[in-house]
Amino acid sequence: MRGRTLSARIALVVCTGMTLTLATQSLAASPSALPAVAAPPAVAVAAAAPAAPVGPAAVEPAAPAAPVAVALAAPDISIANVQAHLTQFNSIASSNGGNRRAGSAGYTASVTYVKTRLQAAGYTVTEQRCTSCTYPSNNLIAEWPGGPADQVVMFGAHLDGVSAGPGINDNASGSAALLENALVLAAQDPTMTKRVRFAWWTDEEQGLNGSRFYVNSLSATQRGYIKGYYNFDMVGSTNGGYFINRLSSTTAAPLKAYWDSLGLRPEENVEGQGRSDDYPFQQAGIPTSGYAAGASARKTSAQATKWGGTANAAYDPCYHRSCDTTANISSTVLNRAADGIAYALWQLAVGDGTGGCSGGQVVTNGGFESGSSPWTASSGVITNSSGQPARTGSWKAWLDGRGRSTTHTLAQTVTLPAGCTAATLAFWLHIDTAETTRTTAYDRLTVRLGTTTLASWSNLDAASGYFPRTLDVGGYAGQTVTLTFTGTEDSSLQTSFVVDDVTLQVG
């Protein structure tokens, strides 16, 4: 990762809280102090609630209930294979002056290593000479020949390191995780709904020069073809955390969904903002996200409690140092990143062979972190007020809670693609109340799609904490409808309905 922080960044729409449950992924043991997560990982789609919601359309399991597994096609990426690539990069550095700096013999040999394997797997591979780089050298671009050419999902990592050492965590880790994902995609050769393009960048350490050169070389039409760029920089830090670029954006949703399924509770990649190869794409208006495990910033006590490791110590103690060798890798952190890449790739670009459904996430700004747009809401509903905590981030939708006759609404118009067989509306709901009755619903939250009431909850459902609410809306495929939350409160004794992390996943 580049050492100097750049400035401006572009705000993107947000959406969190994917509701699918993931297939089992094996985790390799780690020599680091980071905690293991028991397999199989699963996204919790239901939690024990004190009372069933009102309304026949609500889909709520009995409490308590175990998560329901929904098998997905994403493969398990072999951590042993990823580590074998790291060993090769380390050996390349050792044979070429101890480093893989852009423009050096070590960098050129790294390009050759990646290119040879991609060509053998069937990729269309090109080298792009970065003539404006501090150390003129080549980007490596590989495209899988499947999916529409005007619908591109791009995955990238910088291949260069600094001159101080072999650059294994920074950034052979991201490069190796992408390489193995590319090889697995080629070996499985699935039906593609989008074109997948991989990139290994040069001269990142000198100022993001390789990726900027690439972005600047694209026409406006070519940039428009790229529907998302995902960056992976330092994804194996030994004292690492679990960070996602633009955590609450729609683009980040599949990355977050996978790590959520492992119970990791990822955080925004604050340290890496403007410091890696996603930044030139972001400046060009291309949606971006990515994984990182942290560089020279220090792990907080709260993060050490959540993720393990050492508080008040750097995420990567060998950042830009000669000790950044294969010993400077957490196999657990790296494995979780590699498998998360595979999950995102399969969700974004791999079909089931039947065609006809351009599924995905259709709610925008479901975590409310980028302000009100495109929601239409009553005044004060979308808020970062400390009076009610958000489930994730700082913002949420807080309906009612006034203790007087009140009606609040929250709405967004969505389009569900035609040809899809399933659609699930999901959100997290917290209800607290000052009502003392156990029998009368004085205050109520109602959820509608179009003119149909899907479900409702009342003061009788109050409980501490957030609970996931999941509603089947598959019958709306091909329609443009308005999703509306309406909170109504009677004349006294407040009830607060707090909504966060709204998704409508179509597939």
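Worth knowing before you read on, the calculation uses all heavy atoms, side chains too, and leaves out hydrogens, waters and symmetry mates.
- Side-chain rings of Tyr291 and Trp259 approach one another, their centers coming within less than 6.0 Å.
- Scanning both residues, Met1 and Gly272, for their nearest heavy atoms gives SD-CA, 3.8 Å.
- For the pair Arg195 and Glu143, the tightest heavy-atom approach, listed with the atom from each and the gap, is NH1-OE2, 2.8 Å.
- Annotation: side chain of Arg275 is not in contact with side chain of Glu204 (no heavy-atom distance under 4.5 Å).
- Residues Tyr315 and Phe243 place their aromatic rings such that the two centres sit under 6.0 Å apart.
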With side chain to side chain donor-acceptor pair (under 3.5 Å) as the criterion, how do Gln273 and Asn245 come out once you've worked through the C-alpha distance, each side chain's angles and the decisive distance to 0.1 Å? CA-CA 7 Å; Gln273 288 178 2; Asn245 305 341; over 6 Å; no

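- Taking the six-membered ring for Trp and the full ring otherwise, the centers of Phe368 and Trp375 sit less than 6.0 Å from each other.
- No side-chain N or O of Ser394 forms a donor-acceptor pair with one of Asn384 less than 3.5 Å apart.
- By the 4.0 Å N-to-carboxylate-O rule, Arg101 lies too far from Glu205 to be salt-bridged with it.
- Atom CD of residue Gln303 and atom CG of residue Asn312 lie 11.5 Å apart, to the nearest 0.5 angstrom.
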- Does the side-chain contact (heavy atoms from CB on, under 4.5 Å) test come out yes or no for Leu445 and Leu399, once each step is laid out? CA-CA 8 Å; Leu445 176 74; Leu399 294 89; 4.1 Å; yes

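- Within the 4.5 Å cutoff, no side-chain heavy atoms of Ile77 are placed close to those of Asn335.
- In this structure, the side chains of Ile382 and Trp398 stay at 4.5 Å or more apart for every pair of heavy atoms.
- Listed here is the closest heavy atom pair of Thr482 and Ala411: CG2-CB, 3.9 Å.
- Counting only N and O atoms by type, the side chains of Asn231 and Ser276 include a donor and acceptor under 3.5 Å apart.
- Within the model, atoms CG of Asp316 and CZ of Arg321 stand 9.0 Å from one another, a figure rounded to the nearest 0.5 Å.
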Q: Test Leu218 against Ile226 for side-chain contact (heavy atoms from CB on, under 4.5 Å), laying out the working first.
A: CA-CA 10 Å; Leu218 299 173; Ile226 302 174; 3.8 Å; yes

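- Interatomic distance, Asp277 CG to His158 NE2, rounded to the nearest 0.5 Å: 6.5 Å.
- Applying the side-chain contact (heavy atoms from CB on, under 4.5 Å) rule to Ala164 yields the partners Val162; only residues at least two apart in sequence or on another chain are considered.
- In this pair, Phe427 and Trp457 present their aromatic rings perpendicular. The plane angle is above 60°, beyond the 30 to 60° band.
- Remark: aromatic rings of Phe485 and Phe497 are distant, center separation not under 6.0 Å.
- Applying salt bridge (Lys or Arg N to Asp or Glu O under 4.0 Å) to Asp501 and the options Arg469, Arg391, Lys256 leaves one that passes, Arg391.
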Quick one, Thr424 with Thr470, criterion side-chain contact (heavy atoms from CB on, under 4.5 Å). Give me CA distance, side-chain angles, the key distance, then yes/no. CA-CA 7 Å; Thr424 301; Thr470 309; 3.3 Å; yes

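- The OH atom of Tyr225 lies 10.5 Å from the CZ atom of Arg197; values are rounded to the nearest 0.5 Å.
- Taken from OG in Ser496 to CD1 in Ile431, the straight-line distance is 10.0 Å, to the nearest 0.5 Å.
- The aromatic rings of Trp307 and Tyr242 stand perpendicular to each other, their planes meeting at an angle above 60°, with 30° marking the opposite boundary.
- In terms of heavy atoms, Val381 sits closest to Thr409 at CG2-O, 4.3 Å.
- With respect to the salt-bridge test (charged N to carboxylate O, under 4.0 angstrom), the residues Arg246 and Asp278 qualify.
- Nearest heavy-atom pair across Pro166 and Ser322 is CD-O, 3.7 Å.
- The two atoms that bring Asp324 and Cys318 nearest to each other are CB-O, 3.6 Å, heavy atoms only.
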Take His320 and Asp170, measure what side-chain contact (heavy atoms from CB on, under 4.5 Å) needs, and give me the verdict at the end. CA-CA 7 Å; His320 285 186; Asp170 187 14; 3.0 Å; yes

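- Contact annotation: the side chain of Phe232 never approaches that of Asn171 to less than 4.5 Å [non-hydrogen atoms, C-beta and beyond].
- Note: Phe213 CZ to Asp203 CG = 11.5 Å, rounded to the nearest 0.5 Å.
- In this structure, Phe467 has its ring center at least 6.0 angstrom away from the ring center of Trp428.
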